[in-house]
Colleague: 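First, the structure itself, so that you have it in front of you.
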Amino acid sequence: MRIPEETIGEIRRATDIVEYIGMFVKLKKRGKNYIGLCPFHSEKTPSFNVSADKGMYYCFGCHRGGDVIKFVMEWEKASYVEAIEILAERAGISIQRTDDKFQLASETETLFSVCSLAARFFYRSLNTEEGRFAYEYFRARGFSEKTITTFGLGYSPRGWEALIQHAAQEGIKTEVLEKVGLIRRREDGTAYDTFRGRAMFPIFSSTGRVVAFGARKLYEDDPLGKYINSPETVIYQKSRILYGLSQAKEAIRERDAVVLVEGYADLISVFQSGTRNIVASSGTALTSEQIQLIARYTKNIVLVYDADVAGTAAMMRGVDLILEGGLDVRIIQLPEGDDPDSFVRKNGGEAFEELLKKAVTFVDFKAAAFQREGKFETPEGRAEAVRALVQTIAIIKDPLKRSFFIKDVAEKYRLYESTLYAELEKYMKNIPERFRSSFIPSSVQQMKESVAAKGVPANETPFDEKELLAVALEDPENMIPFIFTYLQPSELSHADASEVARLLVEEFDTNGKIDVNHLLSKAPSDEVRQLIADVTFSRYQLGSRWDEVGARVSDERIWEQAGDVIKRLKRKMLEKEREENQQQLKDASLNREDTLPFLQRHKEITQKLNELEKFRFLRTPKEQ
């Protein structure tokens, strides 16, 4: 049935869009708006904007935007009606539907409802005579009543149709249960419960909705594995879910770190002991989607795995994936024979927290693993081990962090940094461009050579980039939030221009205004100071386009000027990228390699260029 417009308006007014989106995205105030990393696509620099005044959000990277209802639809993969219901429940607003048009709940919402019903059924089954055995199992694992309730732990009766019969009483057909993996079918088509006689662990989405189940074997005559899980469904893709995130996300934000373990019991025991910022990969290999999910809450991960060969191998793979995702990682090495569950039960929560304080870097962890394998007993083995460490360092996006890790390895193994940098360069060439950033030059001359390699003379700042900085300095309060929403300082090709842009953003974010004298005092070199002076005092002579705009802040054409220069710079970047892609396409063709990725990339770049020409900036003078 239809939801009245008055109710929808009330729900919108009751929901602070900044507060709501802030539960899933780390937001930082910039000017009148808030910015953060987009939750809908992977990015290193923030292009996701939220406006409290307008009640809107917009990402300048993937171009998704809308009001808070649209955000819920995108985030939860929900329908319009479902999104309203989610917000209404949060705001404590009762929805009274009108009877003029009947509307069935969507399939997605039905599946969520069925999973919730099953979770309640399993939870209540703990209090039955049969379920007492499962309850005692949980208590024997050390789980308190509060913990059992917090994680919704339950029991699936041994009968073949216990859940089917309960669902039938609620008017739910077996076809719906089948869609979320709660039943299976025999060859003759008859249905039976998937989970029978097992300890049940509901799996929640990040917003607290049950999407699937893990089930632990309790009886010796159960022929299936120790753990079985729900299959992937419309509402559950295991590569995109982290067990316990719903319960842990606030603690993750508070501590700005997450502890990552492998299993359900590991997580629950550690959580109960007092370390609440903990999630589990649910026994599967860590995925890039899970890392991206973690990145919404923190950039710091502490890995905890069993101290066995399989655990070490999994850790190695996980470390590389985390670094590739742009996050920082440290590792806990548990005592031999322990897992997080057994360690906490034997030693307590305080001992686990002490262990967290002793977490080591990936360099120390991998070096210790190579040491156990005997790699350092021969020159050949040492070379192989050091190369493996450098290969992992090459994955790191941040050039400053790379330089520190290189220095660490050089000191640890008494090697020249230059030798390691030469090795590093070999591996950097094999990393996709999107995961690469240039080395930190060791001198101004190297910086100039690096810039010149991009096709820009080292001693000359491109006209468009000088013009951009001049516009930013002309009206900092309006222009800096506007320009650097669409363009990142690192995207400027000239090193000095990029540094001035970075200083402008930093100064504005810190003080809310620009003091040129303060800016000059923070400049790292004479070249940067000279550029600041140039664009400050000669901005009225930058060319015919600037003359058309004029020098007055009140002149509304400054917005058009800013948009024009942003477009010109973006166009040059895309054209350069297309040129490089064309060369890679030619090379691949000559080497008889797969050319499809380069053809697809050419199509994507061309599409972006076309979109750029049609793009209209959201911020206009009339909106001010």
Colleague: Would you check if Leu569 and Leu492 make a side-chain contact, meaning some heavy-atom pair closer than 4.5 Å?
Modeller: yes
Colleague: With side chains defined as the heavy atoms from C-beta onward, is the minimum distance between Asp320 and Thr392 less than 4.5 Å?
Modeller: yes
Colleague: Could you check if a side-chain atom of Met479 sits within less than 4.5 angstrom of a side-chain atom of Glu474, using non-hydrogen atoms only?
Modeller: no
Colleague: Within the 3.5 Å criterion, strictly below it, is a donor on Asn581 or Glu577 matched to an acceptor on the partner's side chain?
Modeller: no
Colleague: Salt bridge check, Lys357 against Glu354: does any charged N sit closer than 4.0 Å to a carboxylate O?
Modeller: yes
Colleague: Just by distance, with hydrogens left out, do Tyr34 and Ser51 show a side-chain donor and acceptor under 3.5 Å apart?
Modeller: no
Colleague: Heavy-atom distance under 4.5 Å between the side chains of Ile566 and Phe482, does that happen here?
Modeller: yes
Colleague: Taking atom types as modelled and ignoring hydrogens, do the side chains of Thr150 and Gln247 form a donor-acceptor contact shorter than 3.5 angstrom?
Modeller: no
Colleague: What distance separates Leu286 CG from Leu321 CG, expressed to the nearest 0.5 Å?
Modeller: 5.5 Å
Colleague: Under the side chain to side chain contact (heavy atoms under 4.5 Å, CB included) rule, what do Tyr297 and Leu245 come out as? Steps first, then yes or no, please.
Modeller: CA-CA 10 Å; Tyr297 303 93; Leu245 181 58; 4.0 Å; yes
Colleague: Identify whether the distance between the nearest side-chain nitrogen and carboxylate oxygen of Arg330 and Asp364 falls below 4.0 Å.
Modeller: no
Colleague: Taking C-beta and beyond as the side chain, do Leu87 and Tyr20 meet within less than 4.5 Å on heavy atoms?
Modeller: yes
Colleague: Could you state the interatomic distance from CG (Asp328) to CD1 (Ile301), rounded to the nearest 0.5 Å?
Modeller: 9.0 Å
Colleague: Test your reading of the model: is there a side-chain donor-acceptor pair from Thr287 to the backbone of Ser239, 3.5 Å cut-off?
Modeller: yes
Colleague: Distance-only, no hydrogens or angles: does the Gln290 side chain make a donor-acceptor pair with backbone N or O of Ile241 under 3.5 Å?
Modeller: yes
Colleague: Got a donor-acceptor contact below 3.5 angstrom from the Ser205 side chain to the Arg209 backbone?
Modeller: yes
Colleague: Under 3.5 Å, is there a donor-acceptor pair between the Gln600 and Glu604 side chains?
Modeller: no
Colleague: Kindly give the heavy-atom pair with the smallest separation between Ala562 and Val471, and that separation in Å.
Modeller: CB-CG1, 3.8 Å
Colleague: One pair to check against side chain to side chain contact (heavy atoms under 4.5 Å, CB included): Leu267 and Val259. What are the steps and the verdict?
Modeller: CA-CA 9 Å; Leu267 178 142; Val259 178; over 6 Å; no
Colleague: Donor-acceptor check, side chain of Ser498 to backbone of Ala495, threshold 3.5 angstrom: yes or no?
Modeller: no
Colleague: Could I get the full list of side-chain contact (heavy atoms from CB on, under 4.5 Å) partners for Met200, not counting sequence neighbours?
Modeller: Phe122, Ser156, Phe195, Arg198, Phe213, Ala215
Colleague: Counting heavy atoms not belonging to Lys567, are there more than 12 under 6.0 Å from its NZ?
Modeller: yes
Colleague: Considering non-hydrogen atoms only, spot the tightest contact between Leu182 and Ala118 and give its length.
Modeller: CD1-CB, 3.7 Å
Colleague: Roughly how far, to the nearest 0.5 Å, is the CD atom of Glu19 from the CG atom of Leu27?
Modeller: 11.5 Å
Colleague: Report the residues that fulfil ring pair (Phe, Tyr, Trp, His ring centres under 6.0 Å) with Phe143, sequence neighbours left out, ordered by chain and then residue number.
Modeller: none
Colleague: Has the side chain of Lys401 got a donor or acceptor atom that lies under 3.5 Å from a matching backbone atom of Ile396?
Modeller: no
Colleague: Could you tell me which non-hydrogen atom of Asp67 sits nearest to which non-hydrogen atom of Tyr57, and how far apart they are?
Modeller: O-CE2, 3.3 Å
Colleague: Within the structure provided, determine whether Leu504 and Leu473 are in side-chain contact (heavy-atom separation under 4.5 Å).
Modeller: yes
Colleague: Could you walk me through whether Ile148 and Tyr123 satisfy the side chain to side chain contact (heavy atoms under 4.5 Å, CB included) test, starting with their C-alpha distance in whole Å, then the side-chain angles of each, then the deciding distance to 0.1 Å, before giving a yes or no?
Modeller: CA-CA 9 Å; Ile148 290 172; Tyr123 178 75; 4.2 Å; yes
Colleague: Quick one: CD on Glu289 to OG on Ser42, what's the gap to the nearest 0.5 Å?
Modeller: 10.5 Å
Colleague: Using the rule given for side chain to side chain donor-acceptor pair (under 3.5 Å), can you reason through Glu262 versus Ser281, listing the C-alpha separation, both sets of side-chain angles and the distance that settles it, and then say yes or no?
Modeller: CA-CA 5 Å; Glu262 192 171 2; Ser281 58; 5.8 Å; no
Colleague: Can you check ring pair (Phe, Tyr, Trp, His ring centres under 6.0 Å) on Phe405 and Phe362, steps first, answer last?
Modeller: CA-CA 10 Å; Phe405 278 116; Phe362 70 87; 4.6 Å; yes
Colleague: Does Glu613 pair with Arg571 as a salt bridge, N-O distance under 4.0 Å?
Modeller: yes
Colleague: Going by distance alone, is a donor N or O of one side chain under 3.5 Å from an acceptor N or O of the other, for Ser288 and Gln292?
Modeller: no
Colleague: Below 4.0 angstrom, N of the basic side chain to O of the carboxylate: do Arg568 and Glu467 qualify?
Modeller: yes
Colleague: Restricting to non-hydrogen atoms, name the atom on Pro46 and the atom on Gly36 that form the minimum distance, rounded to 0.1 Å.
Modeller: CB-O, 3.3 Å
Colleague: Is any side-chain heavy atom of Ile252 closer than 4.5 Å to a side-chain heavy atom of Val279?
Modeller: yes
Colleague: Which label fits Phe71 and Phe48: parallel for a plane angle under 30°, tilted from 30 to 60°, or perpendicular past 60°?
Modeller: tilted
Colleague: Does Thr298 offer a backbone N or O that forms a donor-acceptor pair with the side chain of Asp256 under 3.5 Å?
Modeller: no
Colleague: Is there a donor-acceptor pair closer than 3.5 Å between any side-chain N or O of Glu465 and the backbone N or O of Ser493?
Modeller: yes
Colleague: Below 4.0 angstrom, N of the basic side chain to O of the carboxylate: do Glu506 and Arg502 qualify?
Modeller: yes
Colleague: State whether the number of non-hydrogen atoms from other residues, nucleotides or ligands found under 6.0 Å of Lys299 atom NZ is greater than 12.
Modeller: yes
Colleague: Verify whether one side chain among Thr275 and Glu353 offers a donor that lies under 3.5 Å from an acceptor in the other.
Modeller: yes
Colleague: Under the 3.5 angstrom rule, does the side chain of Asn277 hit a backbone N or O of Ala257 as a donor-acceptor pair?
Modeller: yes
Colleague: Counting distance only, does the side-chain N/O of Thr233 pair as donor-acceptor with the main-chain N or O of Ile235 below 3.5 Å?
Modeller: yes
Colleague: Ile406 versus Ile393: any side-chain heavy-atom pair under 4.5 Å?
Modeller: yes
Colleague: Would you find more than 12 non-hydrogen atoms of other residues, nucleotides or ligands less than 6.0 Å from Lys238 atom NZ?
Modeller: no
Colleague: Counting distance only, does the side-chain N/O of Thr15 pair as donor-acceptor with the main-chain N or O of Arg12 below 3.5 Å?
Modeller: no
Colleague: Who are the salt bridge (Lys or Arg N to Asp or Glu O under 4.0 Å) partners of Lys29, not counting sequence neighbours?
Modeller: none
Colleague: How long is the gap from NZ on Lys570 to CG on Leu609, to the nearest 0.5 Å?
Modeller: 12.0 Å
Colleague: Looking only at heavy atoms, what is the nearest atom pair of Arg276 and Phe271, with distance?
Modeller: NE-O, 3.0 Å
Colleague: Which is it for Tyr243 and Tyr264 under the ring pair (Phe, Tyr, Trp, His ring centres under 6.0 Å) test, yes or no, and what are the steps along the way?
Modeller: CA-CA 7 Å; Tyr243 182 73; Tyr264 306 131; 4.7 Å; yes
Colleague: Please evaluate residues Lys249 and Phe24 with respect to the criterion side chain to side chain contact (heavy atoms under 4.5 Å, CB included), reporting the C-alpha separation (whole Å), side-chain torsions for both, the decisive distance (0.1 Å), and the verdict.
Modeller: CA-CA 9 Å; Lys249 59 188 179 184; Phe24 315 106; 4.2 Å; yes
Colleague: Nearest 0.5 Å, please: how far is CG in Asn33 from CE in Met56?
Modeller: 11.5 Å
Colleague: Determine whether the aromatic ring centres of Tyr58 and Phe60 lie less than 6.0 Å apart.
Modeller: yes
